[in-house]
Amino acid sequence: MPMSPAVRRYSRRVLVLAIVYVALLLPAVYLLSRHRVAGPLAYAVGVLPALPVAGFFVAIGAYLVEERDEYLRMLATRQSLIATGVAMAAATVWGFLEGFELLPHMVGYAWPIVWFAGLGLGSCVNALIERRAA
Amino acid sequence: MNNHLRDLRSTRGWSQQELGERLEVSRQSVNAIETGRYDPSLPLAFRIAELFGLSIEDVFVSPSKES
């Protein structure tokens, strides 16, 4: 992806969010796995690692709003749609198979990971289309 | 959508990068428009036409008039 100012801001935000994610995940795992917190505080600590992950989605939304180059915005939109399609289709298929007790339970936070993998696939699709037409 | 952007750019001796800088878009955008992979929005189409001192119809070929 060409480094437009919006891409640079997006990359900076993602880097900060990744650092915050690690900084929150490690103490949350430590505190909750050892039952050092309980009650409402346990919920508060448990939700902390989810916040920077949600922030990734906000960062992508902010990028789509801030990108002034309409072609790059179209590429990012297509990439996000591919990721959404992959994640939703995978969650649906897995959900049915799990419901029929053919697959084990999948934790919910796995689906954002699938979505991010879908972003990678979307990037490949964009690169293939770019290369084919170049 | 077919267009004459590559020819117009060539007559000015501009690279895709130079044209992109004048239009404030990426080189990839210029390439995508030139090769017909991407149809620009109306504001960008006007910017392109005005940069060359032409009307939009002189730069872009109407799909209904393509042979």
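A note on names: the letters A, B, ... follow the listed sequences, proteins ahead of strands, and every chain is numbered from 1.
Note that the CG atom of Asp39(B) and the OH atom of Tyr71(A) stand 11.5 Å from one another [nearest 0.5 Å]. A distance of 9.5 Å separates OH of Tyr38(B) from CG of Leu72(A), quoted to the nearest 0.5 Å.
The shortest side-chain heavy-atom distance between Gln28(B) and Glu130(A) falls under the 4.5 Å cut-off. You'll find the side chain of Ser29(B) stays beyond 4.5 Å of the side chain of Glu70(A), heavy atoms only.
One hydrophobic cluster, built from ILVMFWY side chains closer than 4.5 Å, cannot hold both Val107(A) and Phe57(A); they sit in different ones.
For CD of Glu21(B), the number of neighbouring non-hydrogen atoms (other residues, nucleotides, ligands) closer than 6.0 Å is greater than 12. Other residues, nucleotides and ligands contribute more than 12 heavy atoms inside 6.0 Å of the CZ atom of Phe116(A). Few gaps surround CZ on Phe52(B); more than 12 heavy atoms of other groups in view lie less than 6.0 Å from it. In Phe46(B), the CZ atom is not crowded: 12 or fewer heavy atoms of neighbouring residues, nucleotides or ligands sit closer than 6.0 Å.
For Asp69(A) (side chain) and Val25(B) (main-chain N/O), no donor-acceptor pair under 3.5 Å exists by modelled atom type.
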